[in-house]
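Only a predicted model underlies this, so the values are computations on that prediction, with no experimental measurement involved.
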Amino acid sequence: MLQNLKWMGLSTTVVITALISAVNSGCYLTKKGKLESLAVNEMKVIMPPVAEKIPKVDTLHGEERIDYYYWLRERENPKVIEYLKAENAYTEKMVKHTEALREKLFQELLGRIKETDLSVPEKIDDYYYYSRTEEGKQYRFYCRKKGTLEAEEEVLLDVNALAEDHEYMRIGIYEISPNHRLLAFSTDTTGGERYTIHIKDLTTNKLLEDEIPTTYYSVRWANDNETVFYTTLDEAHRPHKLYRHKLGEDPKEDVLVFHEEDEAFFLYISKTKSKRYLLMDLESITTSEVWYLDADNPTGEFKVIHPRQHEMEYSVSHHGEKFYIVTNNEAKNFKLMEVSVSEPSKKNWKVVLPHRKTVKVDRIDVFRNHLVVYERKKGLKEIRVMDLKNGEYDYVKFPEPVFTFWPGRNRDFNTHKLRFTYTSLITPRSVYDYDMDKKTQDLKKEYEVLGGYDRSLYRSERTFAKAHDGIEIPISLVYRKGIVKEGSNPLLLYGYGSYGSSWDPSFSSHRLSLLDRGFILAIAHVRGGGEMGREWYEEGK
């Protein structure tokens with residue numbers, strides 16, 4: 001369960017550390033929000049361990065640099081292990097007086113997690129795919145049912161069984177073949193994020209002999225159900241080569257399709273939702289390039305849509321005889337273009353949605369009769385749904401002032417239902433299906449928080465703080481109702497602004513241990529992130 005705790009938003013460590021800080025100040029807040037003194041036993045002065053200084057000289061750009069602690073990188077060095085044990089022992093002694101509180105908090109956090117749970121099934125062709133967890137089991141079960149949700153369950157992958165002989169187990173890719181008879185999945189048993197691909201025959205429930213090491217997160221099937229494309233890593237952990245593998249053949253003889261030699265670019269393989277094309281995406285921090293291949297012809301040659309152009313980014317989706325392209329070419333916040341599949345060069349691109357200074361286009365989702373545009377405006381995410389039959393559009397409506405959502409995988413090209421997960425600082429993860437024809441929302445599941453969680457006891461809001469240069473920074477707040485914001489309550493402030501990454505306001509049951517003790521939680525959406533558009537990211541530099 002430790003891994004499950006780690007990935008549920010606000011980490012266990014952050015929650016416990018915040019409360020321990022209150023403890024070390026001589027008091028802490030009870031669940032009723034009242035201050036209580038905490039007697040801290042007098043401790044003898046304990047000297048921390050001191051790492052030995054061993055100089056290592058590096059020369060970079062003609063400049064010498066000395067690293068006295070380089071030797072601590074040697075994980076198998078007995079001296080390193082001995083030093084780390086001393087650090088751990090020192091830490092344990094210094095926080096010994098918080099031991100009872102730490103255990104109480106851990107059990108409190110754990111008690112809110114529903115260990116036995118089921119994801120919302122996703123229909124792909126004739127099958128419903130889902131995953132589930134079981135109480136006392138560390139890892140997920142990946143399953144499916146054919147035809148109806150009342151059908152017999154078929155367990156495709158039991159990660160608990162895979163992990164039996166390993167101290168660590170993580171699943172990388174999980175890709176069903178077009179005919180639903182084969183499963184390509186990858187495993188990492190070291191934590192080094194170098195995955196080994198395995199192929200499972202779902203009709204016999206046995207693994208094939210095909211086993212491909214040192215791969216990354218992108219693997220895709222061609223439409224012949226016997227060819228897979230995958231990427232491998234270089235020494236710097238960069239996906240740089242694309243290979244083609246035919247089932248039954250020796251992976252050592254796999255065909256090298258493409259080698260990206262520029263160290264600034266990462267290579268990924270994907271497939272259009274229409275299942276018609278395989279896409280090879282080459283991306284750096286500021287530039288991208290996309291190649292396409294007919295998925296019915298896996299031994300064919302990839303063709304480039306537009307050669308890489310410095311500081312121009314673009315991504316590609318397919319619909320009928322068109323490619324839809326999201327690009328920042330002469331559009332800092334990105335715009336939406338379309339082009340004929342037969343003549344996809346940039347000179348033929350036509351505007352579908354023009355550039356808007358106050359609205360950023362994040363990505364799109366293409367369906368047979370609808371085009372979905374995921375946008376950002378005033379720091380919040382929006383979903384624009386366009387009807388491809390008549391050109392009309394509408395926005396999905398959300399009920400709270402501070403919220404976020406994540407698009408589902410939405411792999412069914414022919415459906416008129418859009419799946420997304422909605423959440424806020426007080427609303428647990430909630431999976432919705434949005435009917436794009438009727439413009440109605442259907443709540444499929446709200447993930448349960450054990451222990452009697454009552455959202456009406458909490459309040460969330462959006463406020464702004466003026467920076468030194470007069471720019472207003474959006475801040476998301478959550479706290480227990482009844483709190484008077486006059487400055488005496490403890491505050492946990494979080495902010496992250498790098499790489500254009502957005503830290504959107506979502507729910508975490510871990511926070512309740514803070515909120516119920518009188519804390520206010522604040523998320524500052526600072527520059528460097530992507531909440532307010534591309535300029536927000538660039539101004540962070």
Side-chain angles (χ1 to χ4, degrees), residues 1-25 28 38 40-60 64-110 113 137-139 159-160 162-172 187-196 213-214 216 233-238 492 494 496 498-499 508 510 513-514:
M1 292 309 304
L2 289 175
Q3 286 194 346
N4 291 337
L5 282 168
K6 181 179 179 182
W7 296 110
M8 291 190 66
L10 193 61
S11 73
T12 314
T13 304
V14 171
V15 172
I16 294 178
T17 301
L19 285 164
I20 295 305
S21 296
V23 169
N24 285 333
S25 68
Y28 77 105
L38 184 73
V40 179
N41 294 329
E42 289 186 9
M43 296 180 293
K44 296 179 181 178
V45 176
I46 302 171
M47 297 303 295
V50 178
E52 183 181 357
K53 295 174 70 172
I54 303 175
K56 181 183 184 301
V57 180
D58 279 324
T59 302
L60 183 64
E64 284 192 353
R65 301 186 181 194
I66 301 176
D67 185 350
Y68 290 101
Y69 304 104
Y70 186 88
W71 67 276
L72 287 172
R73 300 185 184 196
E74 301 169 6
R75 297 186 179 187
E76 306 303 321
N77 185 337
K79 289 181 61 178
V80 172
I81 296 172
E82 180 183 351
Y83 175 75
L84 293 177
K85 287 181 177 179
E87 284 274 18
N88 289 337
Y90 170 75
T91 300
E92 190 57 38
K93 289 177 182 178
M94 292 300 293
V95 298
K96 182 69 176 177
H97 62 291
T98 68
E99 188 173 20
L101 177 58
R102 280 185 283 145
E103 179 59 26
K104 178 182 178 181
L105 290 171
F106 180 78
Q107 294 303 326
E108 200 173 289
L109 302 179
L110 189 63
I113 298 175
K137 297 290 181 69
Q138 180 79 359
Y139 300 99
V159 186
N160 298 281
L162 290 175
E164 284 181 356
D165 297 326
H166 304 280
E167 293 183 1
Y168 178 92
M169 173 60 67
R170 184 158 185 167
I171 299 298
T187 59
D188 171 19
T189 59
T190 68
E193 291 189 280
R194 292 180 181 269
Y195 290 87
T196 298
T214 321
Y216 203 49
L233 298 164
D234 64 10
E235 293 182 358
H237 212 88
R238 177 180 68 98
L492 178 60
Y494 185 89
Y496 180 85
S498 288
Y499 306 109
S508 170
H510 291 3
S513 290
L514 293 174

Can you give me the closest heavy-atom contact between [X] and [Y], atom names plus distance?
| X | Y | result |
| --- | --- | --- |
| Leu233 | Tyr216 | CD2-CD1, 3.5 Å |
| Gln107 | Glu103 | NE2-OE2, 2.7 Å |
| Leu72 | Val80 | O-CG1, 3.7 Å |
| Leu105 | Ser513 | CD2-CB, 4.4 Å |
| Gly192 | His237 | O-CE1, 2.8 Å |

query = Any side-chain heavy-atom pair from Val57 and Arg65 closer than 4.5 angstrom?
reply = no
query = Any side-chain heavy atom of Leu162 sitting closer than 4.5 Å to one from Ile171?
reply = yes
Can a donor-acceptor pair be found, under 3.5 Å and without considering hydrogens, that links the side chain of [X] to the backbone of [Y]?
| X | Y | value |
| --- | --- | --- |
| Trp71 | Glu52 | yes |
| Arg102 | Val95 | yes |
| Asp188 | Arg170 | no |
| Asn160 | Tyr139 | yes |

When you look at [atom1] of [X], are more than 12 heavy atoms from neighbouring residues, nucleotides or ligands closer to it than 6.0 Å?
| X | atom1 | answer |
| --- | --- | --- |
| Tyr499 | OH | no |
| Lys56 | NZ | yes |
| Tyr496 | OH | yes |
| Glu82 | CD | no |

To the nearest 0.5 Å, what is the distance between [atom1] on [X] and [atom2] on [Y]?
| X | Y | atom1 | atom2 | answer |
| --- | --- | --- | --- | --- |
| Glu92 | Ile46 | CD | CD1 | 11.0 Å |
| Asp67 | Lys53 | CG | NZ | 11.0 Å |
| Glu76 | Ile81 | CD | CD1 | 6.0 Å |
| Tyr195 | Thr190 | OH | OG1 | 9.0 Å |

request  = Show the numbers, then the answer: is there a side chain to side chain contact (heavy atoms under 4.5 Å, CB included) between Tyr70 and Ile54?
outcome  = CA-CA 8 Å; Tyr70 186 88; Ile54 303 175; over 6 Å; no
ask   = With Pro78, which residues qualify under side chain to side chain contact (heavy atoms under 4.5 Å, CB included), at least two apart?
value = none
ask   = Do Asp58 and Glu64 pass the side chain to side chain contact (heavy atoms under 4.5 Å, CB included) test, and can you show the C-alpha distance, the side-chain angles, and the key distance before you say yes or no?
value = CA-CA 6 Å; Asp58 279 324; Glu64 284 192 353; over 6 Å; no
